[in-house]
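Start at 1 and go down the list; that is how both ligands and their atoms are numbered.
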Amino acid sequence: MMNNRIYTADKPFVMVIFGASGDLTKRKLMPALYSLFKDNRLPKEFSILGVGRTVYSDSQYRSYILDEIKKFIKEEDQNETWIDAFISHLYYLSIDPAIESEYGLLSCRLEELGGEERPDNVLFYLATPPSLYGVIPLHLKKWKLNTKNSRIIVEKPFGYDLESAQKLNKIYSSVFEERQIYRIDHFLGKETAQNLLAFRFANGIFEPLWNRKYIDYVEVTAVENLGIESRGGFYETAGALRDMVQNHLIQLVALTAMEPPAVFNADNFRNEVVKVYESLTPLNEVDLNEHIVRGQYTASNSKKGYREEKGVNPESRTETYIAMKLGISNWRWSGVPFYIRTGKQMPTKVTEIVVHFKETPHQVFHSADGNEHPMANKLILRLQPNEGIVLKFGMKMPGPGFEIKQVTMDFSYDKLGGVPSGDAYARLIEDCILGDATLFTRSDAVEASWKFFDPVLNYWTNNADAPLYGYPAGTWGPLESEAMMHEHGAEWTNPCKNLTNTDQYCEL
Ligand SMILES: NC(=O)C1=CN([C@@H]2O[C@H](COP(=O)(O)OP(=O)(O)OC[C@H]3O[C@@H](n4cnc5c(N)ncnc54)[C@H](OP(=O)(O)O)[C@@H]3O)[C@@H](O)[C@H]2O)C=CC1
Ligand SMILES: O=C1O[C@H](COP(=O)(O)O)[C@@H](O)[C@H](O)[C@H]1O
């Protein structure tokens, strides 16, 4: 990966964060920057300039971040001296980023931070509501802040649908070259997502099995045990499809399904991702009706229902859960279903990919657990928590006869010293500082993904009565998502086995 990096850590560097008073900045960006600083992985000379409408002086902003950062960095990483040293690199400028004329102040502030002249090695991070994503780059251009070595990181969601994503891409390409644009998808920054590539492409033994001949179906799950917390306003305009599926989940499908790139660099890797998106089998009427299940959490025990959350319409039909069956029309994957699901307020937080291998063509043994056949092999790639890889296979039970029991062989990241404490944001910000765009989404990938999912959004818009199933907060989602799998003789790996009261599930 090092050869993909084009900037050195010696050049003075300024990072400008738009939306610096917001949730993402305090919870993710500042802790990530602190962790890079503490590990000596930031350029020697650097400044971080927060920008927002909230009025702070530099010192007020420093004390605000000082208070907040301590809540979000791990205890073992808290070190007063380092934190104080980090905070001394922070500055703040109070402007409204929506107003072009105010960028003159930004230009002056950058000049001040650069010493004699305006610095060129500048990274703009857009941590604002998405409504500003199309506005800020144009204002930067007006004030000639889009210099040759500047870069811009844009948060997700990049667009609201295909048309808006295309418009945004046009705006960005009128201001920056593609090499300067970093569309962030923090799932790709996760160590364990990257490990999926290592697992597949650094080992010879799995590749021959990694195709339609041996794989029966694949599950991709990214569920959470929290609700939408304070993000009601945002979530109402997004829903699970835009918040998780169009970006994170499809990215995991791509990592699982892609061909090995000839060389691991930004162009080759991202070419292979786009090929997967372009091979997704377009959804037809049957898929839209039967292979997509959307749900919304309802109040249960002490947990609020989605419609009771702050900032949410009490009659909202926004989905907080979605399960889908996807197909990939290419030689490797034709006929292999990919089942994906995500949801808020599930029983646990887990992100994992389960690859189900086909059964042996002829069974000569019986399963010890009463099944007619021993169960098929499964490979579980666990991205979080308990990061690791588990292979399930049949072994003979000790004693007489030939009863087969499924056993596991597992690797845990702990054995390699655990997943590094710097999280996905640290990894991605560092890559951007050094000019490596490999783990960021390219314009054609964003558009290819929206192109695939647009029919779902249109279908929901045009069919107001398309089912939206309620599921009690703290459960595994609508039962219909199980039924969808049964068509293939399959079931979700973490099914709601212990559910006794199915009356709680109803159509909304
Ligand atoms: N929070 C998270 O965990 C995640 C967030 N994201 C994305 O990151 C971006 C930022 O998220 P988050 O920090 O939660 O957002 P916030 O709602 O906290 O907004 C960030 C800041 O933007 C400024 N802002 C808000 N509305 C406007 C407006 N109308 N005009 C100008 N400035 C405005 C506010 O600062 P001020 O009032 O000072 O101008 C606010 O503090 C979003 O696009 C979100 O989708 C992505 C993944 C996770
Ligand atoms: O981007 C998002 O991701 C988080 C889940 O990310 P994770 O790294 O904690 O698994 C999700 O909660 C949020 O709604 C979404 O915007």
Side-chain angles (χ1 to χ4, degrees), residues 17-32 50-56 60-61 64-65 68 72 92-100 102-103 106 125-136 139 153-160 168 183-193 220-252 297 306 309-311 318-322 342-346 348-352 382-385 387 419 423-428 441:
I17 303 178
F18 290 96
S21 61
D23 179 72
L24 183 74
T25 303
K26 69 178 182 197
R27 278 198 313 118
K28 296 285 186 187
L29 305 186
M30 289 299 177
V51 173
R53 297 168 306 178
T54 308
V55 179
Y56 289 117
Q60 283 168 332
Y61 188 64
Y64 158 68
I65 293 296
E68 292 296 334
F72 299 107
Y92 188 83
L93 174 68
S94 174
I95 59 167
D96 184 340
I99 300 175
E100 188 229 290
E102 303 206 353
Y103 282 61
L106 174 57
Y125 198 117
L126 306 200
T128 64
S131 54
L132 291 175
Y133 292 174
V135 176
I136 294 173
H139 296 346
I153 298 187
V154 201
E155 263 299 337
K156 58 158 265 281
F158 192 86
Y160 190 73
L168 268 187
R183 295 170 199 81
I184 200 164
D185 177 332
H186 78 275
F187 267 45
L188 260 191
K190 289 180 191 285
E191 191 74 32
T192 42
V220 177
T221 293
V223 294
E224 298 174 83
N225 50 0
L226 290 176
I228 51 154
E229 303 203 283
S230 57
R231 298 171 73 209
F234 160 75
Y235 205 84
E236 274 289 89
T237 63
L241 190 126
R242 290 188 176 93
D243 188 41
M244 293 290 292
V245 178
Q246 182 273 338
N247 31 68
H248 303 322
L249 266 82
I250 206 65
Q251 195 60 263
L252 296 182
Y297 59 85
Y306 176 69
E309 301 275 18
K310 197 168 152 236
T318 301
E319 79 287 357
T320 60
Y321 174 95
I322 182 166
T342 184
K344 299 275 187 197
Q345 290 292 21
M346 305 263 106
T348 186
K349 179 171 172 82
V350 59
T351 304
E352 70 179 18
R382 173 66 68 85
L383 275 77
Q384 61 184 14
E387 293 83 357
V419 176
D423 80 341
Y425 275 92
R427 164 68 197 245
L428 294 174
T441 313

### Task
Please round to the nearest 0.5 Å and tell me the distance separating atom CG of L93 and atom CG of L106.
6.0 Å
### Message
Within ligand 2, which atoms have a heavy atom of K190 less than 4.0 Å away?
### Response
7 (P), 8 (O), 10 (O)
### Task
Can you measure from CD (E319) to CE (M244) and round to the nearest 0.5 angstrom?
12.0 Å
### Query
Listed by chain and number, what are the ring-ring contact (aromatic ring centres under 6.0 Å, His included) partners of Y125, not counting sequence neighbours?
none
#### Entry: Approximate separation, where rounding is to 0.5 Å, of L252 CG and K190 NZ
9.0 Å
### Query
Nearest to atom 2 (C) of ligand 2 by heavy atom, E224, H248, E155, K344: which?
H248
### Summary
for atom 16 (O) of ligand 2, nearest protein heavy atom and its distance come out as D243 OD1, 2.6 Å
### Query
Which residue, N247, D185, T441, D243, forms the side-chain hydrogen bond (donor to acceptor under 3.5 Å, both in side chains) with K156?
D243
Identify the protein atoms, limited to N or O, that lie within less than 3.5 Å of an N or O atom of ligand 1, and list each pair with its distance to 0.1 Å.
unit_1	atom_1	unit_2	atom_2	d
ligand 1	1 (N)	D23	OD2	2.7
ligand 1	3 (O)	R27	NH2	2.6
ligand 1	13 (O)	D23	N	3.1
ligand 1	13 (O)	L24	N	2.7
ligand 1	18 (O)	D23	N	3.1
ligand 1	26 (N)	R53	NH2	3.4
ligand 1	35 (O)	S21	OG	2.9
ligand 1	37 (O)	R53	NE	3.4
ligand 1	37 (O)	R53	NH2	3.0
ligand 1	38 (O)	S21	OG	2.7
ligand 1	38 (O)	R53	N	3.2
ligand 1	38 (O)	T54	N	2.9
ligand 1	38 (O)	T54	OG1	2.5
ligand 1	39 (O)	R53	N	2.8
ligand 1	39 (O)	R53	NE	2.9
ligand 1	41 (O)	S21	OG	2.8
ligand 1	41 (O)	G22	N	3.2
ligand 1	43 (O)	T128	O	2.9
ligand 1	43 (O)	Y133	OH	2.5
ligand 1	45 (O)	K156	O	3.2

### Task
Could you establish whether F187 and ligand 2 come within less than 4.0 Å of each other, counting only heavy atoms on the residue side?
yes
#### Entry: For atom 4 (C) of ligand 2, the option (of K349, H186, R231, K28) bearing the nearest heavy atom
H186
### Query
Taking the six-membered ring for Trp, are Y92 and Y56 parallel (under 30°), tilted (30 to 60°) or perpendicular (over 60°)?
perpendicular
